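Here the structure comes first, spelled out in structure tokens, and everything after it is commentary.
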Number of protein chains: 2
Amino acid sequence: MNKSETILKSSSLSVTAGRKRILDIFLDANNALAHQDIEVKCSDKYDRVTIYRTLQTFLEKGIIHNIPTTDNSVRYALCNEVCISSGHHHDNHVHFRCDNCSKTICLDDVSIPSVKLPTGYSMNEINMVVSGICKTCKKVKVPV
Amino acid sequence: MNKSETILKSSSLSVTAGRKRILDIFLDANNALAHQDIEVKCSDKYDRVTIYRTLQTFLEKGIIHNIPTTDNSVRYALCNEVCISSGHHHDNHVHFRCDNCSKTICLDDVSIPSVKLPTGYSMNEINMVVSGICKTCKKVKVPV
DNA sequence: AATAAGAATGCAACTTTGTTGCAAAATACT
DNA sequence: AGTATTTTGCAACAAAGTTGCATTCTTATT
């Protein structure tokens, strides 16, 4: 039993070829993916609608989490083990979006600092997205 | 000369009825607005396309800034005075999204704490969105 | 292993959202 | 006021997302 299958079972989801494929795409990716990215990789085999529904299901089960963007293309990334097993989100890490290659990645080791909200506000989730130049692009494009 | 007109002129934009109207909508609003919100309020008078182009222009001129979301509906909010006059963004405040009323607001007084990125990453912008229950909703829905 | 119940998928049709080119209208400049 | 320049609205289109339903696949049970 491979990894994707294990994850699906532990989330009490039925194991289907489509779900395994999409999950594998996430497992292979080293960055967050938009719906479109996934569609490009497997729309020949699986319907667009299936991809929408699968992402929705994965979100609900806490297999993936979404990362807000300012360009109307929400990105999704695998949750870490703790998150998946507990069934709800413990994503307390910062996300990084590269201005050059446009990739979005989870900075699993950088946790979101706490903030104090004004009186009357109660906090549920925090999201933090930093943009800039990523490690890989910095190496390539040596600043003048 | 009213406020919207002043802002447009100081951003060296030609003053048109549509731009004034959209800017007034922002000035009246106490929360961030999605394209859709604006469309609802004035699509009878101004074309959808005009709204898209106007928001784009306002963004470029630094009159508004956008707030990332996880629901594919980017929201826009007025920038503060400093930001508008300087022509580029100094939005260093936290945004709050209420899970109950879905309104997104700028917490102008809460500034985004700094984070240390891993070696090799350089920072450009930071975005922070906190979700939870806002002041107004808290008052209304007394927790059991 | 066969089967039946339930879940997931694909398809079609549709709605909503966003984009582009171009002619008409409005604005700003002198 | 007249003209160059911008902005707008329209039309047509492209892309993104949703819904209902019939078919296929999974899973649990015998």
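The figures here come from the full heavy-atom set of this structure, side chains too, leaving out hydrogens, waters and symmetry mates. As the structure is a prediction and not an experimental result, all values here were calculated from the model. Here is the naming used below: chain letters follow the sequence lines, and residue numbers restart at 1 for every chain.
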task = Compute whether any side-chain donor of one residue and acceptor of the other, for D99(A) and N124(B), lie under 3.5 angstrom apart.
result = yes
ask   = What integer distance in Å separates E39(A):CD from dG10(C):C1'?
value = 14 Å
query = Which listed nucleotide (dT27(C), dG17(D), dT27(D)) is nearest to the side chain of H35(A)?
reply = dG17(D)
ask   = Over how many whole Å does the gap from L55(A) atom CG to dA16(D) atom P extend?
value = 14 Å
query = Y76(B) and F58(B): aromatic ring centres closer than 6.0 Å?
reply = no
task = Figure out the CZ/P separation between F58(B) and dT6(D), and round it to whole Å.
result = 17 Å
ask   = In whole Å, what is the span from the CG atom of N72(B) to the C1' atom of dA15(D)?
value = 12 Å
inquiry  = Using whole Å, what does the distance between atom P of nucleotide dA16(D) and atom CG of D37(A) come to?
reply    = 11 Å
Heavy-atom side-chain contact between C98(B) and K135(B) under 4.5 Å = no
ask   = Residues from residues 40-53 of chain B sitting under 4.0 Å of DNA chain C, heavy atoms only?
value = R48(B), V49(B), Y52(B), R53(B)
ask   = Please give, in whole Å, the distance from dG9(D) C1' to R21(B) CZ?
value = 18 Å
query = Nearest-Å distance, CD (Q36(B)) to P (dA16(D))?
reply = 18 Å
ask   = Taking CG from L8(A) and C1' from dA8(C), how many angstroms apart are they, rounded to a whole number?
value = 12 Å
message = Quick check: do L13(B) and R19(B) have side-chain heavy atoms less than 4.5 Å from each other?
response = yes
query = Does R19(A) or K9(B) map to a spot on DNA chain C nearer the 5' end, using the closest nucleotide for each?
reply = R19(A)
request  = Working to the nearest 0.5 Å, report the span between OG1 of T16(A) and OH of Y46(A).
outcome  = 7.5 Å
request  = Please determine if a side-chain N or O atom of S14(A) lies less than 4.0 Å away from the OP1 or OP2 oxygen of dT27(D).
outcome  = no
inquiry  = Using a strict threshold of under 4.0 Å (side-chain N to carboxylate O), is an ion pair present between D71(A) and R97(A)?
reply    = yes
query = Salt-bridged, K41(B) to D24(B), with N to O below 4.0 Å?
reply = no
